[in-house]
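For reference, positions follow the sequence shown, starting with 1.
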Amino acid sequence: MNRCMKRAVLLAMGLWISMALAACDRAGERSGASATQPSASGGKKLVVGFSQIGAESAWRTANTRSIREEAERRGIDLRFSDAQQKQENQIKALRSFIAQKVDVIMFSPVIETGWGPVMQEIRAAGIPVIVADRRPDVDESMYVTFIGSDFVEEGRRAAEWLAKKMNGQANIAELQGTTGSAPANDRAKGFREVLERYPQMRIIKSQTGDFTRSGGKEVMEAFLKSPEGPQINALFAHNDDMALGAIQAIEEVGRKPGQDIIIVSIDGVKGAFEAMVAGKLNCTVECNPLIGPQLFDAVEKLMRGEPLPKRIAVEEGVYDQSQAAAVIHSRRY
């Protein structure tokens, strides 16, 4: 073999080795990426659309933060939409997710009814749905799983605590959540189930405060000014924010919240624990908003083809004034 031929052979071998090494590097990069972050088919980054109800309370703000932070931690492309507590905004967002061809859709429905048509559209597009916090009134086959609290049980726990505290006798004012929403419907149902066993525990005033602090204050002001106002000696608020608003209204008429009016609410936000330490709130039934890790665990299992139960529960407790000081430092929200 002459010198020119040898040089050509060596050049060809060098080029082949370089190409092989480059291919190995690319393969390594791909395998490394797939090990650290989830991906949809074809190695693309996983895209999840999430329609949130809004930011009506401290609970909702903490819920949003948990979901955003967990998506970022896992390297998931989260397409987030704030509905500002309007169903029409959520429906627009869900249709937008269909158009964007996201891999998974998650949403917390602001009210229970009216989701059938858009859920059919999502099914036709072949996009799986995970429901968070609240369930829509649709057939369970329309979504993969629901992750959230048992609102009926929360209502029962609030009533059981109040009945024990009041020795089975109370004139109760009730601040309900958003009309037509799952937590408002279910918490009211669970609360009333327990009251059936206590004929002297009577709800004498009930109205929605829309889950907001300002709504709770406004409605409680009206309750206290009504003819039944002087009789009210207990308050059941469907969330802590409304209870905190009601505390302001009670103080403004010269009555002592937590003493003249015994107050139980639901959520377990830090503000509620602060109010219990101050002696103004008596009990909060926990509804844990930090479900981001559970949501994205479910998303990743779904993308791997693993089966999921139809319902994934969130563990929660009941806290009263005697526990508040010891527990308040653990409240992240």
Side-chain angles (χ1 to χ4, degrees), residues 25-56 59-110 115 117-136 138 142-148 288-310 312 314 332-333:
D25 287 343
R26 288 194 298 272
E29 290 171 2
R30 286 195 299 270
S31 63
S34 63
T36 57
Q37 65 182 37
S39 62
S41 59
K44 297 185 298 180
K45 194 173 184 179
L46 183 61
V47 179
V48 176
F50 178 63
S51 173
Q52 179 62 288
I53 290 168
E56 77 283 1
W59 190 98
R60 188 65 53 192
T61 301
N63 180 247
T64 293
R65 186 168 60 248
S66 173
I67 292 166
R68 284 184 178 275
E69 288 177 354
E70 191 64 23
E72 183 177 0
R73 189 183 73 80
R74 300 188 189 213
I76 291 171
D77 181 359
L78 181 67
R79 310 285 173 86
F80 183 89
S81 177
D82 182 334
Q84 299 178 329
Q85 292 182 269
K86 296 179 180 178
Q87 185 181 36
E88 58 266 32
N89 290 345
Q90 286 202 290
I91 291 172
K92 287 178 185 176
L94 297 179
R95 287 181 172 144
S96 172
F97 296 151
I98 295 171
Q100 294 175 55
K101 299 181 179 179
V102 301
D103 298 303
V104 180
I105 288 175
M106 302 191 304
F107 80 114
S108 299
V110 63
W115 302 102
V118 72
M119 292 292 281
Q120 290 286 359
E121 292 172 34
I122 295 171
R123 170 181 274 183
I127 302 174
V129 175
I130 292 176
V131 179
D133 175 41
R134 305 178 179 184
R135 271 188 288 194
V138 296
M142 302 295 288
Y143 56 87
V144 177
T145 188
F146 163 67
I147 300 174
N288 189 351
L290 307 181
I291 62 174
Q294 284 182 288
L295 280 173
F296 289 107
D297 281 348
V299 168
E300 291 180 3
K301 287 179 180 179
L302 175 64
M303 298 308 291
R304 291 194 297 265
E306 297 179 23
L308 287 167
K310 212 63 184 179
I312 299 174
V314 180
R332 289 178 51 201
Y333 51 93

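- Under the side-chain hydrogen bond (donor to acceptor under 3.5 Å, both in side chains) criterion, T61 pairs with no residue, sequence neighbours left out.
- The side-chain hydrogen bond (donor to acceptor under 3.5 Å, both in side chains) test applied to S51 returns Q90, not counting sequence neighbours.
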Side-chain donor-acceptor pairs under 3.5 Å in residues 129-136, sequence neighbours left out?
from: D133; atom 1: OD2; to: R60; atom 2: NH1; distance (Å): 3.0
from: D133; atom 1: OD2; to: R60; atom 2: NH2; distance (Å): 2.9
from: R134; atom 1: NH1; to: V110; atom 2: O; distance (Å): 2.9

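- Not a single donor-acceptor pair under 3.5 Å links the side chain of D77 to the backbone N or O of V47.
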Verdict with reasoning, M106 to V299, per side-chain contact (heavy atoms from CB on, under 4.5 Å): CA-CA 9 Å; M106 302 191 304; V299 168; 3.9 Å; yes
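- Note that CG of D297 and CD of E70 are 7.0 Å apart. Values are rounded to the nearest 0.5 Å.
- How far CD of Q294 is from CG of N288: 8.0 Å, rounded to the nearest 0.5 Å.
- A distance of 7.0 Å separates NZ of K301 from CD1 of I312, quoted to the nearest 0.5 Å.
- Residues satisfying the side-chain hydrogen bond (donor to acceptor under 3.5 Å, both in side chains) criterion with E88, sequence neighbours excluded, are absent altogether.
- W115 has its ring centre no less than 6.0 Å from the ring centre of Y143.
- D103 CG to K45 NZ: the interatomic distance, rounded to the nearest 0.5 Å, is 12.0 Å.
- For the atom pair N63 CG and I67 CD1, the distance stands at 4.0 Å (nearest 0.5 Å).
- Not counting sequence neighbours, the partners of R95 by the side-chain hydrogen bond (donor to acceptor under 3.5 Å, both in side chains) test are E121.
- Annotation: side chain of M142 is not in contact with side chain of I122 (no heavy-atom distance under 4.5 Å).
- Residues satisfying the salt bridge (charged side-chain N to carboxylate O under 4.0 Å, His left out) criterion with D82, sequence neighbours excluded, are absent altogether.
- The two atoms that bring T145 and P309 nearest to each other are OG1-O, 2.6 Å, heavy atoms only.
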Derivation and outcome, side-chain contact (heavy atoms from CB on, under 4.5 Å), residues I105 and Q100: CA-CA 11 Å; I105 288 175; Q100 294 175 55; over 6 Å; no
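- With hydrogens and angles ignored, the 3.5 Å screen pairs no side-chain donor or acceptor of R68 with any backbone N or O of L78.
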I127/F97 under side-chain contact (heavy atoms from CB on, under 4.5 Å): CA gap, chis, key distance, verdict: CA-CA 9 Å; I127 302 174; F97 296 151; 5.9 Å; no
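- Within the model, atoms CG of N89 and CD1 of I53 stand 12.5 Å from one another, a figure rounded to the nearest 0.5 Å.
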